[in-house]
Structures are given as C-alpha cells and as structure tokens.
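Nothing here was measured: the structure is a model prediction, and the numbers come from that model.
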Protein chains: 2
Amino acid sequence: MAYRKTAAEVRRLEAARERLVECATQVVAEVGWAQASVTAVADAAGIAAGSVYQHFPSKAALAVEVFRRAASREVDVLAEVLRSTDGSPVQRLARGVQVFARRALENRGLAHALLAAPAEPSVGAERLDFRRRYHALFAEVVREGIDAGLLPRQDGQVTAAALTGAVGEVLVDPLGAGRTPAPDPEDLLAELTALALRCAGARPESPP
Amino acid sequence: MAYRKTAAEVRRLEAARERLVECATQVVAEVGWAQASVTAVADAAGIAAGSVYQHFPSKAALAVEVFRRAASREVDVLAEVLRSTDGSPVQRLARGVQVFARRALENRGLAHALLAAPAEPSVGAERLDFRRRYHALFAEVVREGIDAGLLPRQDGQVTAAALTGAVGEVLVDPLGAGRTPAPDPEDLLAELTALALRCAGARPESPP
DNA sequence: GAATGAAGTGAACCACTGTTCAGAGCATCA
DNA sequence: TGATGCTCTGAACAGTGGTTCACTTCATTC
C-alpha cells in the first residue's frame, strides 16, 4: 500500500537534518575541516555514521552545505551594514569592517574555517565564491565613496580584495591561537578600522 | 672491512637529494600540496617511491624542506629590499610590495603554494612562521616610517599583517586561475603599490 | 675479481576514512 | 494486529596514499 509520510514525520526528518548541519558546523568550528570526519560529525549529532547518508549524498555535500550556511549568514550581515542607507559610504565602510571583524572575533573557530582552514576542494571552491561576494560588497561601497568624492580614484576590486585579505590576515593569526599576550579585541578593532579607512584612501576625520 | 664513502659518492648523494627537493618544489608549484603524492614527486625526480625515504624520514619532512627553501628565498629577497639603505622607508615599502607581488606573479604556482594552497598540518605550521617573518619585515619599515614622521602613528604589526594579507588576497585570486580578462600585471602592480602606501598612511606624493 | 655493504627498487603492507548494505527497529496503513 | 515500507544502525568494504622491506644493483675495498 502507498506509504505516505505524516507531517510530523517529515518535520522530524528535517529537524534531524537541521541538527546534523548544526552539529557539523560546530565540529568544524572546533576542530577544522580536516579533522571533521564523518564519524566525528555523526557522533556529535548522536547518530550513526551511515545515517549521515540519509540526508546527504556524500561528505562533500554536507561540508558544502555547512560552509554555505555559515558563509551566507556572514555575507548577509555584511551586506545589510554596507548597503544601509544611513551614513556616508566611508562611514558604512568603517562599520562594515567592524562588523566583519567583530563577528570573526566572536566566533573565531568558524571564522577560521570560513577564511583559512585547510579544506577539501569542494569547500575550497565554495570559499572562493564567498570571497568574491565579500569583494563585490566592499567594491560597491568603495565605488560609491569615489563617486561621492570621498575617496580617491582606485580600482575598487583590488581595494575590496585587499580589505578582506587584510582583515582576514590580521584576524587569522590571533585566531590560530598562538600569539603573545593576545591583544585587546577593542584595540584591534579600532586599529583595523583605521587601517581600512587609510586603505581605501579616506581622509583622516577633520576635527568636529 | 670498513666501507668509506668516497667524496664523489657523497656529492652524488647530495645532488640526488637536491634534485629531489627541486623536483618536489616544481610538482608542488604545478599541482599543489594535495596532489603532490610521494609517487608523483618520485616520478618527477626519476626515482622510485621508496628511494624518497633515503633522503627524508617522511613525506612531511620533505614537504617542510620544500616549503622552507622556497619561503626563505622569498623572505631573503624581501628583506634585502626593505632593509636596503637607499630611499626613505616609504619608498622602500613601495619597492618591497612591488617585489613581493612581482615575484608572486612570475611564479604563480609557487606563490599559491606558499600563501594559500591547502596543505598538511606540518606545512601549515611552517606557513604561519613564514607569514610572521613577512610581518616582522614590514612592521620594521612601517616603524621606521613612523619614527621619521612619514607615516601616522599606528600598530606596525597590524599594518604589516594587513599588507601581506592584502597583497596575498589580491594575488591569490588571479593566481587561482579563473578570472575575467585577467588584468594587466603592470596595472595590478601599480594599483597594489598605491594601495599599500595608502594602507600605511603615506601621504600621496607631492608634485616634484 | 671476490667479498662487502650501501643505495635504490617497487610490490606489498597498513592505517585511515568515506561509503555501502543487510538487517533491526518503528511508524503507518488496512 | 499484522503487513508494509521507511529510517537507522554499524560492521564490512574499498580506495587512497604513506611507509616498509626483501631483494637487486652497483661502488668500494682488499
């Protein structure tokens, strides 16, 4: 006889899948892609290794899903800040960098996974796309700044790439753990913001 | 009876080791760490897989040696430029960035391997050290620039990290191959130099 | 030229992981 | 409640790639 899944059943399945993705994300944030074996992820989610394949056709597919979700969250947040309608392009740029950096500092493991941790090729490809989206967002604001006469003429794409690279590099080292006294996060943020503005060529604020 | 290696024999051995390292470097530059299996490297050097273990205790040891050599070459070149005695700190910084970038563009595969390509943990650790050395060099010049009143007050370490990150990010994308029309290298270099100077806060050159 | 010992070989070994699959456990339907 | 079909399990399987080792090859010594 036709066997039809009940609504509750479907919900339960989706919840299981959801839980799997969340646990996988956590594992990846904690130990990196390389150490996040199917077994480790399944254990974290409290299911058997084989059950992973009920939800995803392969480990790579799960990894990509994990990356996409986390990356999209970040891109969305950044987009919201950069495209907000209040403040000059330069002010938005500053806020964007701060948000980018603050979020990374608040979830270092995840930031490291998104930005730098060694990963299998499929995730690597996803990461390239992630970076492109970041570039596009920053490039947009830089362009607005140029058009508004607030920033000097420059290749927005290059500046945008530099901004993500700069912030990433500054963050990743502290992220990777080992660093002398560990600089105060707020100082780091202020320093980064100033750096980003110089990078884009914004004039130092004139006194009020 | 005591068996003593003749001088020629010793030389031959060292040459073989040398050749192995060079071939491995080339393989890595061409296909990345992940694809550079012991077999592939041995094939490239024209020896059997097992013979690799005459020269190195493990694949990781060989990989580290490959990385160290290439990285040291780059660090040395950069150090020479940045520490040269002619030109202001700002001018040296500009030249340093150009040299860094130009060398990367001239050997994209190797640059990618050094800066970004996924690698086993032992190489990853080496890469952190490599980056630290870059940071230290840039930080030194930035500090000189500040002391000379040419650059605004700033955290040299952060700026230095940003410079390597920025240059790396800008280069790695083009490096990774896929990019629309592929920007002219000279334009890219000019753009990068300008960006680096802004990044450090150097005033735009006043007219002559 | 025979004895000796190191370098070099490459097939076999082994550890590690992603993936499969036959069966157990349950929910659904008649 | 029994029949059916789905989910879940976890041990077995398979591909990969680093490492080993019995053996060959070749240089050295007497």
Mind running a 4.0 Å heavy-atom check of residues 14-25 of chain A against DNA chain D and sending the residues that fall below it, in number order?
none
Let me see the working for B:E186 and B:R102 under salt bridge (charged side-chain N to carboxylate O under 4.0 Å, His left out), right down to the final yes or no.
CA-CA 9 Å; B:E186 290 305 319; B:R102 176 161 274 131; 3.0 Å; yes
Please state how far atom NE2 in B:H55 lies from atom P in C:dA7, giving the value in whole angstrom units.
9 Å
Stepwise side-chain contact (heavy atoms from CB on, under 4.5 Å) check, B:L171 with B:L192
CA-CA 10 Å; B:L171 293 175; B:L192 262 177; 4.2 Å; yes
Where do A:A60 and A:S122 come nearest, in terms of heavy atoms and distance?
CB-OG, 3.6 Å
From CD of A:E120 over to P of C:dT17, roughly how many Å is that when rounded to an integer?
13 Å
d(CD1, A:I47; C1', D:dT7) in whole Å:
11 Å
Roughly how many Å is it from CD in B:Q54 to P in D:dT19, rounded to a whole number?
14 Å
Tell me the closest heavy-atom pair linking A:I146 and A:P152, and the distance in Å.
CG1-O, 3.6 Å
Could you check how far CG of B:D43 sits from P of C:dA11, rounded to whole Å?
12 Å
Taking the six-membered ring for Trp, are B:F100 and B:Y134 parallel (under 30°), tilted (30 to 60°) or perpendicular (over 60°)?
perpendicular
Of all the nucleotides listed (D:dG18, D:dT7, C:dT9), which has the minimum atom distance to the side chain of B:S37?
D:dG18
Enumerate the protein-to-nucleotides 19-21 of chain C contacts in which both atoms are nitrogen or oxygen and the separation is below 3.5 Å.
residue, atom, partner, partner atom, Å
C:dT19, OP2, A:Y53, OH, 2.5
C:dT19, OP2, A:K59, N, 2.7
C:dT19, O5', A:Y53, OH, 3.3

Compare the minimum distances between each of D:dT9, C:dG10, C:dG8 and the side chain of B:A48, then state the nucleotide with the smallest one.
C:dG10
For residues 24-48 of chain B, which side-chain N or O atoms pair as donor and acceptor with protein atoms under 3.5 Å away, sequence neighbours left out?
residue, atom, partner, partner atom, Å
B:T25, OG1, B:V21, O, 2.7
B:W33, NE1, B:A113, O, 3.1
B:S37, OG, B:A40, N, 3.1

Which part of the nucleic acid does B:S51 contact within heavy-atom distance under 4.0 Å: base, sugar-phosphate only, or nothing?
base
Stepwise side-chain contact (heavy atoms from CB on, under 4.5 Å) check, B:L137 with B:R83
CA-CA 8 Å; B:L137 287 174; B:R83 289 175 174 162; 3.7 Å; yes
Rounded distance in Å - CG (B:L13) to P (D:dA27):
12 Å
For side-chain contact (heavy atoms from CB on, under 4.5 Å), just list the numbers for A:T159 and A:F138, CA-CA rounded to whole Å, side-chain angles, deciding distance to a tenth of an Å, and then say yes or no.
CA-CA 8 Å; A:T159 303; A:F138 277 123; over 6 Å; no
Taking C:dA7, D:dT7, D:dT9 as options, the one with an atom nearest any side-chain atom of A:R12 is D:dT7
Between A:E18 and A:R69, is the salt bridge (charged side-chain N to carboxylate O under 4.0 Å, His left out) condition met? List the steps.
CA-CA 11 Å; A:E18 204 61 22; A:R69 292 243 197 140; 2.6 Å; yes
